[in-house]
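Data block below; observations after.
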Amino acid sequence: MTTTQTTDTKIRLDAVRLEYVKEEGRSRHLAVESISLDIRDKEFLVVVGPSGCGKSTLISAIAGFLKPTGGHITMDGREITRPGADRGVVFQEYALLPWKRVIDNVALGLKFKGVPKAERYATARRFLAITNLADAEQKFPHELSGGMKQRAAVARTLANAPEVMLMDEPFAAVDAQTRMTLQEELVRVWEQARLTVLFVTHSVEEAVFLGDRVVVLTPGPGRIKSIVDVSIPRARRNWQEMNQDPEFIRLRDEVLVQVRGQPVAA
Ligand SMILES: Nc1ncnc2c1ncn2[C@@H]1O[C@H](COP(=O)(O)OP(=O)(O)OP(=O)(O)O)[C@@H](O)[C@H]1O
Ligand SMILES: [Mg+2]
């Protein structure tokens, strides 16, 4: 299916419904319902919502792992039907290959693409530098901290030059201090890489800190409850400033009220 859309739209969700078929087709579980949303080109869009509201399901569908049972998902006007190198996914679990050194993990996707060795190592080193892992390139994943593993996973995804990076609670497993550093770094990396990011989280603070817009989903089945614009300049997106920024605090409280459960607007 091809849709007419503005050049500004990267991914369009049009009345998307996602169901899991259970008990060999005898029953279905509705995970996501009637989601219509345009994700803009080069936007940093965050989806926030309670556990089980369908965030991971939505990411899986945009990644092409799961087919909508209703509606359409398009990227650049073309229907998404399968996974593709144009969409990189970063999960909560780091998914690094334990027997490969960091640099080989980061260069792996390029190897699959047939990129010559010198070039793929140069690219991998560039993204290791951007993600502050230059000194760790010869280490194995078990020698890295949780935060370093997650940065390596981001570096590996970016090395494949995706147009869209889909991130499913990537920082959920790291400690609070590391998480703040990773959030600040991600803002910087995203500015350099100039790509579209869809980031899913439970954390309202994380959502407002990172996003250009924050989409709040209802408890499952997930529907869009509200969309909050965050127009805080990127230059101010560091925790030292954000912690005391009245605009950040106002938006965080606004999103928190939405997530906590007010009636859905008719
Ligand atoms: N493979 C599956 N088969 C059947 N039901 C599933 C499957 N995966 C998820 N579900 C159900 O679909 C709903 C949405 O799940 P999903 O994992 O997308 O939620 P989530 O918002 O990512 O939650 P969390 O914040 O806990 O990660 C839940 O009710 C879940 O139980
Ligand atoms: Mg999830």
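Owing to the predicted nature of the structure, the values given are computational and were not obtained by experimental measurement. Read the numbers this way: they start at 1 and go in the same order the structure lists the ligands and their atoms.
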Quiz prompt | Per-atom contacts of ligand 1 with C53, taking only distances under 4.0 Å to non-hydrogen atoms | solution = 19 (O), 21 (O)

Quiz item: Any luck finding a side-chain donor-acceptor pair between T201 and E206 under 3.5 Å?
Solution: yes

Quiz item: If you measure every N/O of A31 against every N/O of ligand 1, is any gap under 3.5 Å?
Solution: no

Quiz item: Would you say Q138 has more than 12 foreign heavy atoms packed within less than 6.0 Å of its CD?
Solution: yes

Exercise. Just jot down the ligand 1 atoms closer than 4.0 angstrom to any heavy atom of E169, in number order.
Key: 25 (O), 27 (O)

Exercise. Enumerate the atoms of ligand 1 whose separation from the nearest heavy atom of H29 is less than 4.0 angstrom.
Key: 11 (C), 12 (O), 13 (C), 28 (C), 29 (O)

Self-check item: Shortest protein heavy-atom distance from atom 26 (O) of ligand 1, along with the residue and atom involved
Solution: S51 OG, 2.5 Å

Quiz item: Does at least one non-hydrogen atom of G49 fall below 4.0 angstrom from an atom of ligand 1?
Solution: no

Practice problem: Report yes if some N/O of H202 lies less than 3.5 Å from some N/O of ligand 1; otherwise report no. | Solution: yes

Quiz item: Around atom CD of Q177, are there more than 12 heavy atoms of other residues, nucleotides or ligands at under 6.0 Å?
Solution: no

Quiz prompt | Protein contact to atom 23 (O) of ligand 1 [nearest heavy atom, distance to 0.1 Å] | solution = G52 N, 2.8 Å

Practice problem: Report yes if some heavy atom in the side chain of D76 is under 4.5 Å from a heavy atom in the side chain of E163; otherwise report no. | Solution: yes

Self-check item: Taking every non-hydrogen atom, the tightest pair across L133 and A152
Solution: CD1-N, 3.3 Å

Quiz item: Any idea which protein heavy atom is nearest atom 15 (O) of ligand 1, and the distance to it?
Solution: T57 OG1, 3.6 Å

Quiz item: Of all the non-hydrogen atoms in the protein, which one sits nearest to atom 25 (O) of ligand 1, and at what distance?
Solution: K55 NZ, 2.7 Å

Exercise. List every atom of ligand 1 that sits less than 4.0 Å from any heavy atom of S56, numbering the atoms from 1 in the order shown and giving each element.
Key: 17 (O), 18 (O), 20 (P), 22 (O), 27 (O)

Exercise. For a salt bridge (charged side-chain N to carboxylate O under 4.0 Å, His left out) with D245, tell me which candidate from R236, R250, R237 qualifies.
Key: R236

Quiz item: In the protein, which heavy atom is nearest to atom 9 (C) of ligand 1, and how far is it?
Solution: Y20 CE1, 3.4 Å

Quiz item: Do W239 and F248 make the cut of ring centroids closer than 6.0 angstrom?
Solution: yes

Self-check item: H29 versus E19, side-chain donor and acceptor atoms under 3.5 Å
Solution: no

Quiz item: With a cut-off of 2.8 Å, does any N, O or S atom of S51 fall short of it relative to the Mg ion (ligand 2)?
Solution: no

Exercise. Considering only NZ, NE, NH1 and NH2 on the basic side and carboxylate oxygens on the acidic side, decide whether R125 and E137 come within less than 4.0 Å.
Key: yes

Quiz item: Mind checking whether G54 has a heavy atom under 4.0 Å from ligand 1?
Solution: yes

